[in-house]
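The next block holds one structure in the form of structure tokens; read it before the comments.
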Amino acid sequence: MDLKLKGRTALVTGASRGIGEGVAHALAGEGCHLELAARSEPDLQRLATGLAQAHGIRARAHRADLLHPEECVRLAQAAGPVDILVNNAGAIPQASLLDMDDAAWRAAWELKVYGFINLTREVFRGMCERGGGVIVNVIGIAGERPVPNYVAGSMANAALMAMTRAMGVEGIRRGVRVVGVNPGPTETSRQILRWKARAQKQLGDESRWRELVAGFPRGRLGTVEEVAASVAFLASDVSSYTNATVLTIDGGWTGMQ
């Protein structure tokens, strides 16, 4: 399917690895020019160079730590007008209320919650002035199904889901769509490390980690490519009537719990 994204410009955060990198590949494959942001500049630059050469697009790397509000402003200005913003930066540690201290909690929210808010504010303003654009928030399934050992992440994701829906209602009046995706357990490098550690502890062999995910839908975790394809679709005009909503991408795992 031609998503009719060729020639558009997308800003993707957290783009150096995982879902962000997958989104960059998906959008580049559709002909989007890319503004890629992350804290890891060498990895980001390699990605930008590779995608530009492979797809004949323009791709620029921006080293940015969105933990800091001024960095969000700087990134928005450096990227210039964009047609698509994919908010993806930030990972919140797993911990219960009693096991996560105030400093760790606030640092996690500064990036995953306020980083989304501050960058979105800058980009959203320009999109409204131009009368068009799409914002896709990559959030997480814990916002729908909170768990006690991931309380900070559950609360953060629920807040970002609410922001997505509220902004979509406001934005559509100005030609801007705001949508979100909630990936379930996904086979990223970070997740694989966690499952390998668990396999080493439970089975005595980290290479057997796939045995521990056999109970997930289709006997596996979701893939980065599956999430990225959904992001690209939602960002396109093919999905132009999708707004102020959050798509769950978990194979039905939430319903099985």
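Being a predicted model, the structure only gives us computed values, none of them experimental.
Two residues are said to be in side-chain contact when any heavy atoms from C-beta on lie closer than 4.5 Å; Arg17 and Leu47 fail this criterion. Residues Cys32 and Ile84 meet the side-chain proximity criterion, which asks for heavy atoms closer than 4.5 Å. Between Leu97 and Trp105 the shortest side-chain heavy-atom distance falls below 4.5 Å. Using a 4.5 Å heavy-atom cutoff, the side chains of His55 and Leu34 are not in contact. Inter-residue side-chain proximity for Thr254 and Ile141 is flagged as met; some heavy-atom pair is nearer than 4.5 Å. Two residues are said to be in side-chain contact when any heavy atoms from C-beta on lie closer than 4.5 Å; Lys112 and Leu160 meet this criterion. Within the 4.5 Å cutoff, the side chain of Asn118 has heavy atoms near those of the Arg121 side chain.
Put simply, the side chain of Asn88 gets close to the backbone of Gly14: a donor and an acceptor are under 3.5 Å apart. With hydrogens and angles disregarded, a donor-acceptor distance shorter than 3.5 Å links the side chain of Gln200 to the backbone of Glu206. Between the side chain of Arg130 and the backbone N or O of Gly126 there is at least one donor-acceptor pair closer than 3.5 Å. A donor-acceptor contact shorter than 3.5 Å is absent between the side chain of Thr120 and the backbone of Ile117. Counting only distance, with no hydrogens or angles, the side chain of Gln191 and the backbone of Thr188 share no donor-acceptor pair below 3.5 Å. No side-chain donor-acceptor contact under 3.5 Å links Thr13 to the backbone of Ala37.
When the side chains of ILVMFWY residues are joined at heavy-atom separations under 4.5 Å, either directly or via intervening members, Val123 and Leu5 end up in two distinct hydrophobic clusters. Residue Val86 is not grouped with residue Val246 when hydrophobic side chains (ILVMFWY) are merged at heavy-atom distances under 4.5 angstrom, including chains of intermediate members. Linking ILVMFWY side-chain heavy atoms closer than 4.5 Å, directly or via other members, places Met167 and Leu11 in a single hydrophobic cluster. By the criterion of side-chain heavy atoms lying less than 4.5 angstrom apart, applied directly or through intervening Ile, Leu, Val, Met, Phe, Trp or Tyr residues, Val178 is not grouped with Phe233; the two fall into different hydrophobic clusters. Note on Val151: it clusters hydrophobically with Leu111, by side-chain heavy-atom contacts below 4.5 Å among ILVMFWY residues.
Here the shortest heavy-atom pairing between Glu110 and Leu67 reads CB-CD1, 3.2 Å. Nearest heavy atoms, Ile92 versus Ala156: CD1-CB, 3.5 Å. Closest approach of Ala15 and Ala38 over heavy atoms only: N-CB, 4.0 Å. The two atoms that bring Pro183 and Thr186 nearest to each other are CB-OG1, 3.7 Å, heavy atoms only. When all heavy atoms of Val169 and Ala244 are compared, the closest pair comes out as N-CB, 4.0 Å. Shown here for Phe116 and Val138, the closest heavy-atom pair between the two residues is CZ-O, 3.5 Å.
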Evaluation steps, side-chain contact (heavy atoms from CB on, under 4.5 Å), between Leu203 and Glu211: CA-CA 9 Å; Leu203 306 175; Glu211 296 177 32; 4.0 Å; yes
Val82 and Met127: CA distance, side-chain angles, deciding distance, side-chain contact (heavy atoms from CB on, under 4.5 Å) verdict: CA-CA 8 Å; Val82 297; Met127 287 180 171; 4.3 Å; yes
Test salt bridge (Lys or Arg N to Asp or Glu O under 4.0 Å) applied to Glu187 and Arg210, step by step: CA-CA 10 Å; Glu187 194 172 317; Arg210 291 190 185 278; 3.0 Å; yes
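Of the N and O atoms on the side chains of Arg58 and Thr9, at least one donor lies less than 3.5 Å from an acceptor on the other residue.
The local environment of CZ in Arg60 is crowded, with over 12 non-hydrogen atoms from other residues, nucleotides or ligands closer than 6.0 Å. The local environment of CZ in Arg39 is sparse, with at most 12 non-hydrogen atoms from other residues, nucleotides or ligands closer than 6.0 Å.
In this structure, Ser240 OG and Ile172 CD1 are separated by 8.5 Å, a value rounded to the nearest 0.5 Å. Remark: Leu75 CG to Glu70 CD distance equals 12.5 Å, nearest 0.5 Å. With values rounded to the nearest 0.5 angstrom, Asp43 atom CG is found 12.0 Å from Leu36 atom CG. Once rounded to the nearest 0.5 Å, the distance linking CD of Glu129 with CZ of Phe124 reads 11.0 Å. Atom NZ in Lys6 sits 9.0 Å away from atom NE2 in His33 (nearest 0.5 Å). Atoms CD1 and CG, from Ile192 and Leu221 in turn, are 8.0 Å apart once rounded to the nearest 0.5 Å.
For the pair Arg106 and Trp109, the cation-pi test (distance below 6.0 Å, angle within 45°) is failed.
Salt-bridge annotation for Glu226 and Arg220: present, with a side-chain N of the basic residue lying under 4.0 Å from a carboxylate O of the acidic one. Of the charged side-chain nitrogens involved, none lies within less than 4.0 Å of a carboxylate oxygen, so that Asp250 and Arg145 do not count as a salt-bridged pair.
For residues 169-184, the side-chain hydrogen bond (donor to acceptor under 3.5 Å, both in side chains) pairs, not counting sequence neighbours, are Glu144-Asn182.
Put simply, the residue from Ile135, Asn137, Val231, Leu234 that forms a side-chain contact (heavy atoms from CB on, under 4.5 Å) with Val179 is Leu234.
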